[in-house]
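Report on the structure given below.
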Amino acid sequence: MYIVRHYKQMPPTFQKLQKLQDNLEEDGYSLDSLGLMLDTEDQNYFVTPCDVITFASTGSDGIHFGLLTDFGAVTDLEEAYVVYVSPMDFGSAVFLAARNLKEFTNLLFTMKDAIEIGNFLSIDMADEGEEREDEAEFEYDEEEFLQEREYVLGKLKESLNCTVIQDVKSYYKNLFKVRKQQIAIHTQDGIGVIPISNQPITRDKYELEEDGEIDVQDLQAYFQKASVENKLAFVRDAQTLGIIMDDEEVRI
């Protein structure tokens with residue numbers, strides 16, 4: 001498992017998920033039925049916030065989940081925010097997925113599929129006629145899959161004491177509200193930067209634009225006077241816009 005800085009091991013809830021996965025495999029099942037694949041190594045993409053420890057993926061389009069360490073400020077990973085990263089969704093690849101890992105398992109239990117945690121507000125506009133044809137053709141496989149998923153959901157509830165979140169929309173509305181109150185500087189990915197140092201934090205952000213050019217000397221001058229939080233806000237925005245990947249001078 002990929003661990004950074006002073007974190008020695010993954011939190012208890014993740015360890016319970018690992019144990020559940022091991023038990024399911026012994027019975028011929030898997031958390032894959034819920035669109036969740038636990039990772040045993042780092043799955044970072046260039047848009048994955050650099051202070052995120054990845055722990056699972058969906059197996060589709062590089063979509064993955066991780067624990068937000070807030071640049072090492074989080075002391076207990078059990079209480080770290082869970083972040084959803086979808087590398088193919090350019091410009092909106094990252095957002096908060098849950099207040100912590102335990103609440104993430106409640107969301108998974110509620111929505112029955114990890115991918116739905118990312119797109120629960122989306123509407124499937126697939127052609128209904130084609131969908132009905134697919135369902136008829138794979139009726140047996142679909143029924144078998146649903147039975148397997150219900151079995152795994154039951155084991156998830158039993159192992160992690162999961163409860164249904166009655167109003168997912170309200171849950172996220174409150175989640176974003178609380179995070180907004182915690183941060184000192186807003187960033188383009190919506191995560192922001194919390195107060196970390198005792199330095200004065202200014203609102204004078206280094207503004208970045210997609211495909212915009214950066215004067216490296218100007219950036220260096222900004223970094224000489226900027227607070228830690230302002231520098232970290234730049235890092236978040238530069239990752240979101242792909243600048244760190246594309247501009248070697250800035251990356252160095």
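We're numbering straight along the sequence, starting at 1. From a predicted model like this one, the values you see are computed outputs, not experimental measurements.
Using a 4.5 Å cut-off between side-chain heavy atoms of Ile, Leu, Val, Met, Phe, Trp and Tyr, with links allowed through other members, Leu36 and Tyr29 fall into the same hydrophobic cluster. Residue Leu241 is not grouped with residue Met88 when hydrophobic side chains (ILVMFWY) are merged at heavy-atom distances under 4.5 angstrom, including chains of intermediate members. Residues Met37 and Phe14 are members of separate hydrophobic clusters, defined by side-chain heavy-atom contacts under 4.5 angstrom among Ile, Leu, Val, Met, Phe, Trp and Tyr.
At distances below 3.5 Å, not a single donor-acceptor pair connects side-chain atoms of Glu79 with backbone N or O atoms of Val74. Using a distance-only test at 3.5 Å, with no hydrogens or angles considered, a donor-acceptor pair links the side chain of Thr69 to the main chain of Asp51.
Closest of all the heavy-atom pairs between Gly66 and Val52 is CA-CG1, 3.5 Å. Heavy-atom minimum distance, Met111 versus Glu116: CE-O, 3.1 Å. Across every non-hydrogen atom of Leu108 and Leu153, the tightest pair is O-CD2, 4.2 Å. Summarising the geometry of Arg179 relative to Gly192, their closest heavy-atom pair is NH2-O, 3.6 Å, with the distance given to 0.1 Å. Shortest non-hydrogen contact noted between Ala114 and Thr58 is CB-CG2, 4.3 Å. Nearest heavy atoms, Leu107 versus Ala97: CD1-O, 3.2 Å.
Atom CG of Asp76 sits in a crowded spot, with more than 12 heavy atoms from other residues, nucleotides or ligands closer than 6.0 Å. Around the NZ atom of Lys231, the shell of radius 6.0 Å holds more than 12 heavy atoms that belong to other residues, nucleotides or ligands. When the shell of 6.0 Å around NZ of Lys157 is examined, it contains 12 or fewer heavy atoms from other residues, nucleotides or ligands. The number of heavy atoms from other shown groups lying within 6.0 Å of CD (Gln181) is above 12.
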- Task: Decide side-chain contact (heavy atoms from CB on, under 4.5 Å) for Leu156 and Leu17; before the verdict, give the C-alpha distance in whole Å, the side-chain angles of both, and the deciding distance to 0.1 Å.
- Result: CA-CA 8 Å; Leu156 178 68; Leu17 280 172; 4.0 Å; yes
- Task: Assess whether side-chain contact (heavy atoms from CB on, under 4.5 Å) is satisfied between Val235 and Cys50, documenting all intermediate values.
- Result: CA-CA 9 Å; Val235 171; Cys50 59; 3.9 Å; yes
- Message: Using ring-ring contact (aromatic ring centres under 6.0 Å, His included), reason through Phe223 and Phe234 one step at a time and then give a plain yes or no.
- Response: CA-CA 10 Å; Phe223 263 56; Phe234 169 85; 5.5 Å; yes
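At least one side-chain heavy atom of Tyr171 sits less than 4.5 Å from a side-chain heavy atom of Glu103. Residues Thr110 and Val168 form a side-chain contact, since some pair of their non-hydrogen atoms from C-beta on lies under 4.5 Å apart. In this structure, Leu67 and Pro11 have side chains that are in contact, with non-hydrogen atoms separated by less than 4.5 Å. Side chains of Val193 and Arg236 form a contact here, defined as non-hydrogen atoms less than 4.5 Å apart. In this structure, Asp113 and Leu34 have side chains that are not in contact, with every pair of non-hydrogen atoms separated by 4.5 Å or more. Residues Val82 and Asn100 have side chains not in contact (no heavy-atom distance under 4.5 Å, counting atoms from C-beta outward). In this structure, Leu96 and Val83 have side chains that are in contact, with non-hydrogen atoms separated by less than 4.5 Å. Looking only at side-chain heavy atoms (C-beta outward), Gln15 and Gln9 come within less than 4.5 Å of each other.
Side-chain contact check for Asp237 and Tyr206: no donor-acceptor pair (N or O, by modelled atom type) lies under 3.5 Å. Side-chain contact, Gln188 with Thr240: no donor N or O sits under 3.5 Å from an acceptor N or O. Side-chain polar atoms of Gln21 and Ser30 form a donor-acceptor pair below 3.5 angstrom. A side-chain donor from one of Asn106 and Lys102 sits under 3.5 Å from a side-chain acceptor of the other.
Between Leu146 atom CG and Lys112 atom NZ the span is 8.5 Å, to the nearest 0.5 Å. The CD1 atom of Ile185 sits 7.5 Å away from the NZ atom of Lys205 when rounded to the nearest 0.5 Å. Expressed to the nearest 0.5 Å, how far CZ of Phe55 lies from CG of Leu101 amounts to 5.0 Å. Atoms CD1 and CG, from Ile196 and Asp70 in turn, are 6.5 Å apart once rounded to the nearest 0.5 Å. To the nearest 0.5 Å, atoms OG1 (Thr54) and CG (Leu38) are separated by 11.0 Å. Atom CD1 of Ile53 and atom CG of Leu77 lie 5.0 Å apart (nearest 0.5 Å).
A parallel orientation is assigned to the rings of His64 and Tyr45, their planes being inclined by less than 30° (bins at 30° and 60°).
Tyr84 pairs with exactly one of Phe104, Phe65, Tyr172 by the ring pair (Phe, Tyr, Trp, His ring centres under 6.0 Å) rule, that one being Phe65.
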